Amino acid sequence: MKRTHYCGELRAAQVGQKVTLTGWVHVRRDLGGIVFIELRDRSGTTQTVFDPQHNKPSWELAQSLRSEFVIAVEGTVRQRPAGTENAKMATGEVEVLTHQLEILNPSETPPFQIDESGGAQAGEDLRLQYRYLDLRRPAMARNLVLRHRMAKAVRDYFDGNGFLEVETPILFKSTPEGAREYLVPSRVNPGKFYALPQSPQQFKQMLMVAGVDRYFQIAKCFRDEDLRADRQPEFTQIDVEMSFITREDMYAIIEGLLAAVWLAARGETIPTPFPRMPFIEAMERFGSDKPDTRFGIELVDLTKDFAQSQFKVFRGAVDSGGVVKAINAKGLASATQGQIETLTETAKSFGAKGLAFIKVEGGEWKSPIVKFFSDTEKKALIEKLKIEEGDLILFGADKREIVWEVLGRLRLVVADLLKKQGTLKVRDDQWNFLWVVDFPLITFDRESNRYLSTHHPFTAAVAEDLSLLDSEPTKVRGQHYDIVLNGVELGGGSIRIHKPDVQKKVFEDVLKIPPDIAQSRFGYMLQAFRYGAPPHGGIALGFDRLCAILCGSTNIRDVIAFPKTAKAVDLMTSSPSEVESKQLRDLHIKLDVEDAG
RNA sequence: GGGGGUGUAGCUCAACUGGUUCAGAGCGCUGCCCUGUCACGGCAGAGGUUGCGGGUUCGAGCCCCGUCACUCCCGCCA
C-alpha cells in the first residue's frame with residue numbers, strides 16, 4: 001500500500017476520495033461493534049473507522065491494534081455523520097472508512113504516552129532516553145518543523161543578499177584563549193591534537209582575506225563548558241562575515257535577517273530599525289548588558305543624594321568611589337520576611353555586603369535604615385524613585401560594577417515575583433530587539449590580574465578612542481555590538497582588526513600574549529593580513545536560542561533533536577563511553593583515571 | 001568546583017510532626033462487555049526491594065551520612 005496523503009491534510013475537499021494513510025496508532029477507541037483508530041503522522045491525526053458491516057476482516061484485525069503500532073490503511077474519505085464532527089481536530093469534519101488494514105510493525109507499550117498529557121509531563125531523562133518517542137509528540141514535531149523553516153528563511157535571506165554559505169573545518173587548531181575546547185587526538189601525528197571550533201571565527205576572517213566578501217554559515221560550534229538551560233556543548237550559530245562594511249551595514253543586514261525569520265516563523269512583521277543603547281547606559285539603567293526592556297524597574301542613581309549621609313553604609317560606598325543606586329519594585333511591599341531574606345542572599349551571592357530595603361506599607365516606611373536618613377534624603381528618594389504606598393525599595397551601595405550586577409539581578413528576580421503575583425504583566429509575544437553598542441574593548445580581569453578582550457582579540461577599536469590604547473585601555477570602546485531580545489543575548493559581533501601591526505599590538509602589548517605564543521597561535525592570521533586583508537566585520541547569532549524563543553520555550557533542548565543532559569551525556573546512545581585499549585594505543589594515549597573501564 | 005530542587009507502580013503524583021487507610025490515586029496496561037466515539041463508557045485484574053548503600057530508632061517512604069541520576073542557578077562560557 002502506497003501512501004497518498006498525510007493524516008493531517010484531509011479536509012472536506014477530499015470527501016469521496018480513496019486514500020491510503022500510514023502512521024502510528026495514536027488513540028484506539030474500540031466500541032465493541034465499531035472501532036475508531038486515530039492515526040498519527042508528523043502532520044497531524046485523522047480518525048479512521050473500522051466497521052464490521054463494511055469490511056469484516058480489517059475490523060477483526062483492528063481489534064489487535066495497540067498504541068504506537070505502525071499501520072497502513074486504505075479507505076474512503078467521508079463526511080462524518082451529522083453531530084459527530086469534532087471541532088477540536090483540524091481533520092475533525094471527515095473520517096476515513098477503512099477497506100483494508102496492514103500492520104507494518106507492532107509496538108511495545110511505550111514508556112510514556114505520546115501526547116501532551118503524558119510526554120510533556122514525563123521526566124526529562126526519560127524523554128531523552130526515548131528521544132525518538134518524544135519527538136513523535138506533536139509539540140516536538142512542530143518544533144522540528146519550525147526550526148527547519150527558520151533555517152530555510154536564513155539561507156534564503158542570505159542567498160538573496162549575495163552571501164555564500166561556506167563550510168569550515170570541524171577539526172581545528174587549539175586556541176586556548178577562550179572557552180575550554182574539545183580535543184581530538186591525531187593518530188597520524190602522535191602527541192598532537194585538533195580542537196573542535198568554539199566558532200568558525202578565524203576561518204571566516206580568512207574567507208574575507210580570500211575575497212569571499214559575504215559569508216554565512218549555519219555552523220556547529222563546540223564548547224566544553226558547564227551546561228545550562230540555554231547552553232549545550234554542541235550548538236548552532238548563524239555565522240556571518242562581510243567585507244568593506246561599517247557597523248551600520250551590519251545592523252541593517254541583521255535587522256533584515258531577523259525580520260525575514262519572524263515573517264517565516266510567525267507571519268509577523270517586526271519593526272526595524274532596532275533601537276540602540278550604549279553599554280554604559282544599559283548598565284546604569286538596567287544593571288545588565290542584555291536588558292529586558294519590556295518592563296521598567298530601572299536603576300535610579302542616588303550617589304549625590306547620599307554623599308553626605310549619616311548612614312555609614314551609603315556614605316562609605318560613596319567616599320571610596322562607589323555609587324548608591326536603588327530600584328523600586330512597585331507593589332512588592334507585601335514581600336514576606338522569607339522573600340526579603342532570599343533577595344538578600346541573591347544580593348550577597350553577587351557581591352553585595354547586604355541588602356538595604358524600604359517597605360512602604362500602611363503609609364509608613366518599614367525599614368531598619370530609614371532612621372539614619374535626613375528629611376532631604378527622604379525627599380530625594382520620594383521624588384527620584386516615585387515612592388508610593390505598596391512599594392518595595394531595594395538599595396545597592398558599593399563599587400559601580402557590583403551595584404550594577406546586584407541590582408540588575410534583583411530587578412529580574414522582583415520582576416518574576418511581581419509577574420507571579422499578577423502585578424506586572426510582561427507579554428511573551430512582545431519583541432523588544434535592542435542593539436547594545438560601545439562596549440569597552442578590554443576589561444581588567446581581577447582573577448588573572450590582566451587585561452582581557454571583552455569580545456575577542458580581533459575586535460577593532462572605535463577610531464577616535466584608539467589613542468587611549470596605551471594610557472587608559474579600559475576607556476577604549478570596541479566596535480562591538482550585541483543583539484538582545486527580551487533580555488536574551490541573541491548574538492554579538494564586531495568590526496575586526498585588519499591591519500597586521502594593530503593586531504600584533506593587541507596580542508602582545510594589550511593582552512600580553514608572549515610574542516612566540518602569539519606567533520604560533522595566530523601567526524597565519526598576521527601573515528594573511530599582510531597580503532591585502534580587506535576591512536571586515538561579522539556577527540554570530542545563537543540559532544538554538546532563536547528557535548527556542550520562537551517555539552515558546554526557555555530551554556534549547558526542546559529545539560535540538562538529540563540534546564545532552566546537564567552532565568553532557570546523551571542518554572539515548574550512552575555517550576560519552578569508554579573505548580577499547582587498542583583505540584587508545586593507536587592514538588598514543590594513556591589514561592590517568594581511577595576506575596577506568 | 002559550589003549552592004538549591006527532585007527521585008514512591010510503566011507514567012504523573014499523594015502518603016501531616018517517624019507509628020491502623022504501610023504501600024495508595026489518576027492515567028496507562030491485561031481480560032471481558034459495548035455499533036458513533038473522540039479524555040469513549042462499564043466490570044474485573046495484574047503491577048512496588050519507596051534510586052542505591054549505610055546509620056539512628058522498638059519502629060524509617062519520612063530523620064542522619066554517603067553515593068548515583070535528572071534538573072535549575074553561581075563560577076565558567078575570549
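Quantities reported herein were computed from a predicted structural model and do not represent experimental measurements. Excluded from the calculations below are hydrogen atoms, water molecules and symmetry mates; all remaining heavy atoms, backbone and side chain alike, are included. Letters go in sequence order (proteins before strands), and every chain restarts at 1.
With hydrogens and angles left out, the side chain of R29(A) and the base of G41(B) share no donor-acceptor pair within 3.5 Å. At a cut-off of 3.5 angstrom, counting only N and O atoms as typed in the model, there is no donor on one side facing an acceptor on the other between the side-chain of R223(A) and the base of C76(B). A donor N or O paired with an acceptor N or O is not found under 3.5 Å between the base of C70(B) and the side-chain atoms of D125(A).
Residues from residues 562-569 of chain A with heavy atoms under 4.0 angstrom of RNA chain B, sorted by number: T565(A), A566(A), K567(A).
Nearest to the side-chain atoms of Q201(A) among the listed nucleotides C70(B), U37(B), A78(B) stands A78(B). Nearest to the side chain of A122(A), among U12(B), C77(B), C38(B), sits U12(B).
Going from atom CD of E225(A) over to atom CD of E181(A) covers 10.0 Å, rounded to the nearest 0.5 Å. If you take CG on L196(A) and CZ on R223(A), they are separated by 12.5 Å, rounding to the nearest 0.5 Å.
Nucleotide U35(B) has no partner under the Watson-Crick or G-U criteria, as no pair reaches both atom distances under 3.5 Å. Across all strands shown, the partner of U6(B) is A69(B), judged by Watson-Crick or G-U wobble contacts whose two distances both fall under 3.5 Å. Look at A14(B): it lacks any Watson-Crick or wobble partner with both distances under 3.5 angstrom. Pair assignment for A60(B) gives none, since no Watson-Crick or G-U wobble pairing has each distance under 3.5 Å.
What separates CZ of F350(A) from P of C73(B) is a distance of 11 Å, to the nearest Å. Across the protein-nucleic acid pair, F112(A) atom CZ and A9(B) atom P stand 17 Å apart, rounded to whole Å. When rounded to the nearest whole Å, the span between CZ of F439(A) and P of A78(B) equals 13 Å. The CZ-P distance, from R557(A) to C70(B), rounds to 10 Å in whole Å. At whole-Å resolution of the value, CG in L571(A) and P in C68(B) are 16 Å apart. Atom CG of L97(A) is separated from atom C1' of U35(B) by 13 Å (rounded to the nearest Å). U71(B) atom P lies 13 Å from atom CZ of R228(A), rounded to whole Å. Separating the NZ atom of K348(A) from the P atom of C73(B) is a distance of 23 Å, rounded to the nearest angstrom.
With sequence neighbours left out, D438(A) forms a side chain to side chain donor-acceptor pair (under 3.5 Å) with no residue at all. In this structure, E108(A) has no salt bridge (Lys or Arg N to Asp or Glu O under 4.0 Å) partners at least two apart in sequence or on a different chain. Residues that satisfy the salt bridge (Lys or Arg N to Asp or Glu O under 4.0 Å) test with R142(A), not counting sequence neighbours, are absent from this structure.
R521(A) comes within 4.0 angstrom of nothing in the nucleic acid, heavy atoms only. Across all strands, S453(A) comes closer than 4.0 Å only to sugar-phosphate atoms, never to a base (heavy-atom distances). R78(A) comes within contact range of at least one nucleobase, with a heavy-atom separation under 4.0 Å. Note on R231(A): a base of the nucleic acid sits closer than 4.0 angstrom, heavy atoms only. Across all strands, P81(A) comes closer than 4.0 Å to base atoms (heavy-atom distances). Among the heavy atoms of the strands, none lies under 4.0 Å from D445(A). Here L452(A) lies out of heavy-atom contact (under 4.0 Å) with every strand. Using a 4.0 Å heavy-atom criterion, one finds that D30(A) contacts the bases of the nucleic acid, with or without backbone contacts as well. Across all strands, L126(A) comes closer than 4.0 Å only to sugar-phosphate atoms, never to a base (heavy-atom distances). Within 4.0 Å (heavy atoms only), E95(A) reaches at least one base atom of the nucleic acid. P52(A) comes within 4.0 angstrom of a nucleotide base, judged by non-hydrogen atoms across all strands. Within 4.0 Å of V35(A), counting heavy atoms only, lies no atom of the nucleic acid at all.
Rounded to a whole angstrom, the distance from the C1' atom of C16(B) to that of G24(B) is 16 Å. Across the P atoms, A15(B) and U57(B) are found 28 Å apart, a figure rounded to whole Å. Rounded to whole Å, the C1' atom of C40(B) lies 49 Å from the corresponding atom of G3(B). Between A9(B) and G45(B), the distance separating the two C1' atoms is 15 Å to the nearest Å. If you take atom C1' in G31(B) and the same atom in G47(B), they sit 15 Å apart, rounded to whole Å. Distance noted for atom P between G42(B) and G28(B): 11 Å (whole Å). For A39(B) and G53(B), the C1' atoms lie 43 Å apart once the distance is rounded to whole Å. For G2(B) and U67(B), the P atoms lie 10 Å apart once the distance is rounded to whole Å.
In this model, a donor atom of one side chain and an acceptor atom of the other lie less than 3.5 Å apart for T76(A) and H99(A). Side-chain contact check for Q217(A) and T168(A): at least one donor-acceptor pair (N or O, by modelled atom type) lies under 3.5 Å. For the 3.5 Å distance criterion, the side chains of H456(A) and R496(A) qualify, holding a donor opposite an acceptor.
Aromatic ring orientation, H480(A) versus H455(A): parallel (interplanar angle below 30°, classes split at 30° and 60°).
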Working for salt bridge (Lys or Arg N to Asp or Glu O under 4.0 Å), residues R28(A) and E68(A): CA-CA 10 Å; R28(A) 169 179 60 113; E68(A) 300 308 310; over 6 Å; no

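Taking side-chain N and O atoms only, N555(A) has a distance below 4.0 Å to OP1 or OP2 of C72(B). For the OP1/OP2 pair of C74(B) and a distance below 4.0 Å, the side-chain nitrogens and oxygens of R409(A) include at least one atom meeting the criterion.
In this structure, the aromatic ring of F36(A) is positioned over the six-membered ring of the base of U37(B), centres within 5.5 Å and planes within 30°.
The backbone N or O of V240(A) lies less than 3.5 Å from a partner atom in the side chain of K204(A), making a donor-acceptor pair. Formation of a donor-acceptor pair under 3.5 Å by the Q503(A) side chain with backbone atoms of D501(A) is not found in this model. In this structure, the side chain of T98(A) engages the main chain of V49(A) through a donor-acceptor pair within 3.5 Å.
Applying the ring-ring contact (aromatic ring centres under 6.0 Å, His included) test to residues at least two apart or on different chains, the pairs with a partner in residues 506-525 of chain A are F458(A)-F522(A), F507(A)-F522(A).
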Sugar-phosphate or base contact per nucleotide [nucleotides 23-32 of chain B; S, B, -; heavy atom under 4.0 Å]: ----SSSSS-

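Mapped onto RNA chain B by nearest heavy atom, D226(A) and P457(A) fall at different nucleotides, with D226(A) at the one closer to the 5' end.
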